[in-house]
There are 2 protein chains.
Amino acid sequence: MATISEIAKTAGVGVGTVSRYLNHRDTVSAAKQKQIQTAIEQLHYTPNAIASQLRAQSTNNIGVLVSRISNPFFAQLFDALERELHRYGFQVMVMQTHDDPEAERRFLDQLKQQQVDGVILASVENSDLLAQLAPTYAKQMVLLNEESLQVALPTVSLNHYQATWDALNYLYDQGHRRISYATGGNYPSTHHGRSRTQAYLDFCQAHGLIIDDQLIFAQQHTLTDGQQLGTKLSQLAPNLRPTAIFSNSDEVAVGLINQLQAQHFRVPDDIAVVGYDDQPFAKFAPVPLTTVRQPVLSMAQVAVDQLLHNLGKINTPALQPDLGLQLIIRKSA
Amino acid sequence: MATISEIAKTAGVGVGTVSRYLNHRDTVSAAKQKQIQTAIEQLHYTPNAIASQLRAQSTNNIGVLVSRISNPFFAQLFDALERELHRYGFQVMVMQTHDDPEAERRFLDQLKQQQVDGVILASVENSDLLAQLAPTYAKQMVLLNEESLQVALPTVSLNHYQATWDALNYLYDQGHRRISYATGGNYPSTHHGRSRTQAYLDFCQAHGLIIDDQLIFAQQHTLTDGQQLGTKLSQLAPNLRPTAIFSNSDEVAVGLINQLQAQHFRVPDDIAVVGYDDQPFAKFAPVPLTTVRQPVLSMAQVAVDQLLHNLGKINTPALQPDLGLQLIIRKSA
DNA sequence: TTTAATTTTGGAAACGATTCCAAGGAGGCG
DNA sequence: CGCCTCCTTGGAATCGTTTCCAAAATTAAA
């Protein structure tokens, strides 16, 4: 691998001059420009970003933490984040936690060692850890769709409480009184205060619906989880069976619908299903999915804006796109 | 940010000793170990990976190039690649080309500047470029699911020709004589020789089926593309309309089915649909999708194995998992 | 032509880690 | 007690870039 000083030697100039030429930092005489250029082509020179990052004390890399990139919601979100960050010349390093707090810790540590200029957390499993780590990251960290109670961090948050409430209300208005709830997180241990779960609990309480632990399902993430959930529901005694279920993930909802249909339940007539995210295939499900749409694009824009603003790379946080959540009514409820 | 020499100073030892301690490289006396450890905790030291990478002339980073991570097939593939690479202590940098040759060039260049130890190409748009770049990358490049005619590169390849042929044959056996074809690539310009397209053309020829450019659709990638394709098909005069369509992507297939149903066509009775990949939601489609399953896990394992072997990080290429493609017969054909 | 002002240039120092080498220290053996 | 061996240690050199500073070259002014 050719280095800058080899280029300098072959071109018969000093290293400083080559560097200046490469970065268009200062004027370099036309003659030397040509010499340098030919040397570069001759030796197939490629700058070593690592060295330059070390010297510059900045990498132009941003870390993004998601729970699982094969979750279409995160895929879309990552896509949008990347697009946005590229516009500002940043590169993105994505890491998946797979909902493992230990992996989360490890990856945050790795990102720090890699000297990323900032981190966007689109999924946090262990907010204690976060509180512990946050000070050392300071302003280069943005929470997207997550909130930390322990520590004040730049945060992009949507009103999931309200959206959940509205969705439940929609079900309630249609006469549902026995509503089940599926979440990706734990229950009841951690994150009890997470806004969606809280909204569910509050809603039930406010409307005098029984809160039955048998109707609350935790750690539900995938299509397969949804299928298994369907099996569980279908095995419940008819009088215990919910007439509707609110799922925090479209994936789970689709798997669920599939399994319910396989067991000859009708959706939404026997059991209504509401999902969350409005993932791309939601409207292509066996029963087009009624779901809460997350404004992925705006979320990404705001998060990046926020981050770059905190990094001093951008002046105006300016735009404040609509971060509203919207219930998309299709056929499943 | 604390550095290793600050640690050394606070602990009252030399930098070399700290480094040795950190890397468990040599024995360090118990007393100094304790001093160093306390200094580390006191100063919140985090090693600077950039510096160490510069010195070591190796980053332990592997680049992965895909066309679009929100394509569930690539998401799964990336997932598997990452899992596998983590096992060997590598980190993964993923980049999306969005099928843009220019982006491909740019990203490959960036990866090189970032000094990645290797690259796995799961999608290549411009194989001329590749031929041009490959020599400078030498052995640290693996083609996954792609082939380059111009240059010999380590390659993990499946028999897509055969799988396509088999799928078409399945349709043929069911009496279909007018079979449409949808691909993600271009047609007929580049990649004419790509094995799936070639198999289609050869199959038609071998069985005396007309090859009608009106039945061949290029640049089909997403659910939306599939929908639009459905509209196009439904607008064809009945005698021109295909009775079956083979799509190179499940996403397109699902969008297509959805739109066909919306236009009151029955799948598979009026039009049969075969997809490709067996993406996670394929069996949850409105009509469970008949599709060619790609062995994502094995593909990732073999690619990583191949790469690490070439890098000399691993001795035995050993395992040769089954890279067979399998037609999964469900309801759509 | 001389002097001053300006532009261009070369190269040393720095970024933070690792590794090599020489030297210091501990312990064993006679 | 002295000598040899082996283990532990400190610190200089190195990786490839950028930046700063002083010197050289060029241009402008007198």
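Residue numbers start from 1 in every chain, and the chains themselves are labelled A, B, ... in the order their sequence lines are given, proteins ahead of strands.
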In whole angstroms, the gap separating P of C:dT8 from CD of A:Gln35 amounts to 15 Å

Determine whether the side chains of A:Thr3 and A:Ser5 contain a donor N or O and an acceptor N or O closer than 3.5 Å. yes

Does OP1 or OP2 of D:dG10 have a side-chain N or O of B:Thr17 closer than 4.0 Å? yes

Given C:dT7, is OP1 or OP2 found less than 4.0 Å from the side-chain N or O atoms of A:Thr27? no

The nucleotide from D:dG11, D:dT9, C:dG16 with an atom nearest the side chain of A:Leu54 is C:dG16

### Task
Decide whether B:Gln113 and A:Asn48 meet the rule of one side-chain donor and one side-chain acceptor closer than 3.5 Å.
no

When rounded to whole Å, the CZ to P distance for the pair A:Arg55 and D:dT18 reads 9 Å

- prompt: Under 3.5 Å, is there a donor-acceptor pair between the A:Gln37 and A:Gln33 side chains?
  reply: no

A:His24 atom NE2 is separated from D:dT18 atom P, nearest whole Å, by 12 Å

Against the side chain of A:Gln57, the closest entry in D:dG16, C:dC15, D:dT9 is C:dC15

Heavy-atom nearest nucleotide on DNA chain C taken for B:Met1 and for A:Ser29; more 5' hit belongs to A:Ser29

Rounded to whole Å, the CD-P distance (A:Glu6 to D:dC15) equals 10 Å

- With a non-hydrogen cut-off below 4.0 angstrom, is A:Ser19 in contact with a base, only sugar-phosphate, or nothing? base

_Contact under 4.0 Å: A:Tyr45 side-chain N or O vs D:dT17 OP1/OP2_ = yes

Rounded to whole Å, CG of B:Asn48 lies from P of C:dT18 at a distance of 10 Å

A:Ile36 CD1 to D:dT17 P, in whole Å, measures 13 Å

Regarding the side chain of A:Lys32, the nearest nucleotide among C:dG10, D:dT19, C:dT18 is C:dG10

Rounded to whole Å, CD of B:Gln53 lies from P of D:dT14 at a distance of 22 Å

Problem set entry | Presence of B:Asn23 side-chain N/O under 4.0 Å of C:dT18 phosphate oxygens OP1/OP2 | yes

Side-chain contact check for A:Val28: nearest option of D:dG10, C:dT9, D:dT18 is C:dT9

Atom CD1 of B:Ile7 and atom P of C:dG16 are separated, to the nearest Å, by 12 Å

Exercise. Does any N or O donor sit under 3.5 Å from an N or O acceptor when you compare the side chain of A:Arg20 with the base of C:dG10?
Worked result: yes

Margin query: Regarding A:Lys9 and A:Glu6, does a basic nitrogen lie under 4.0 Å from an acidic carboxylate oxygen?
Written below: no

